[in-house]
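Report on the structure given below.
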Amino acid sequence: MKLIFLDVDNTIVPFQPTAELYKRVFLLKPDTRYLLIGYFMIVILKFLWFFPFVIHFQRKLIMSLFARADSALIAKASQEIVKSTVDS
């Protein structure tokens, strides 16, 4: 059985698998658009984390980005994250 664990607001686990997945999928090649979206998500979560609608918006944003990404690339990056997590 395989589990995919997305903790977009970093409240369930002490590591950030979603951030790692975002870096490995969207920041492989220099693309200003994904870099700006990533910084935007960091800023809203650092300063506005106490508003539930901000967390909901950020979750919708990240899940819509992952839905448009190549599923093979997501699976490969997920396996690498799982391997590094299990190894540590």
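- Residues passing the side chain to side chain donor-acceptor pair (under 3.5 Å) test with R33 are D31, sequence neighbours excluded.
- Looking at heavy atoms from C-beta onward, F51 lies in side-chain contact with L48 at the 4.5 angstrom threshold.
- Going from atom CZ of F50 over to atom CD1 of I55 covers 10.0 Å, rounded to the nearest 0.5 Å.
- Heavy atoms only, all atoms of each residue included: I37 and L65 are closest at CG2-CD1, 3.7 Å.
- Cluster membership for L36 and V54, using ILVMFWY side-chain heavy atoms within less than 4.5 angstrom, is not shared.
- Rounding to the nearest 0.5 angstrom, the gap separating the CG atom in D70 from the NZ atom in K76 is 11.0 Å.
- Taking a cutoff of 4.0 Å between a charged side-chain nitrogen and a carboxylate oxygen, E80 and K83 do not qualify as a salt bridge.
- In this structure the side chain of I44 never reaches within 4.5 angstrom of the side chain of W49, judged on heavy atoms.
- Residue L45 holds its CG atom at 10.5 Å from CZ of F57, rounded to the nearest 0.5 Å.
- Taking CD1 from I81 and CZ from R24, the interatomic distance works out to 5.0 Å, rounded to the nearest 0.5 Å.
- Listed by chain and residue number, nothing satisfies the salt bridge (charged side-chain N to carboxylate O under 4.0 Å, His left out) test with K60 (two or more places apart in sequence, or in another chain).
- A single hydrophobic cluster is seen to contain both Y39 and Y34, as judged by linkage of ILVMFWY side chains at heavy-atom distances under 4.5 Å, directly or through other members.
- A distance of 13.0 Å separates CE of M63 from CZ of R68, quoted to the nearest 0.5 Å.
- Atom-to-atom distance recorded for Y22:OH and I42:CD1 is 9.0 Å, nearest 0.5 angstrom.
- Counting non-hydrogen atoms of neighbouring residues, nucleotides and ligands closer than 6.0 angstrom, the CZ atom of F47 reaches no more than 12 such neighbours.
- Proximity of the aromatic rings of F26 and F66 is defined here by a centroid distance below 6.0 angstrom, and this criterion is met.
- When side chains are defined from C-beta on, L28 counts as touching L73, because their heavy atoms get closer than 4.5 Å.
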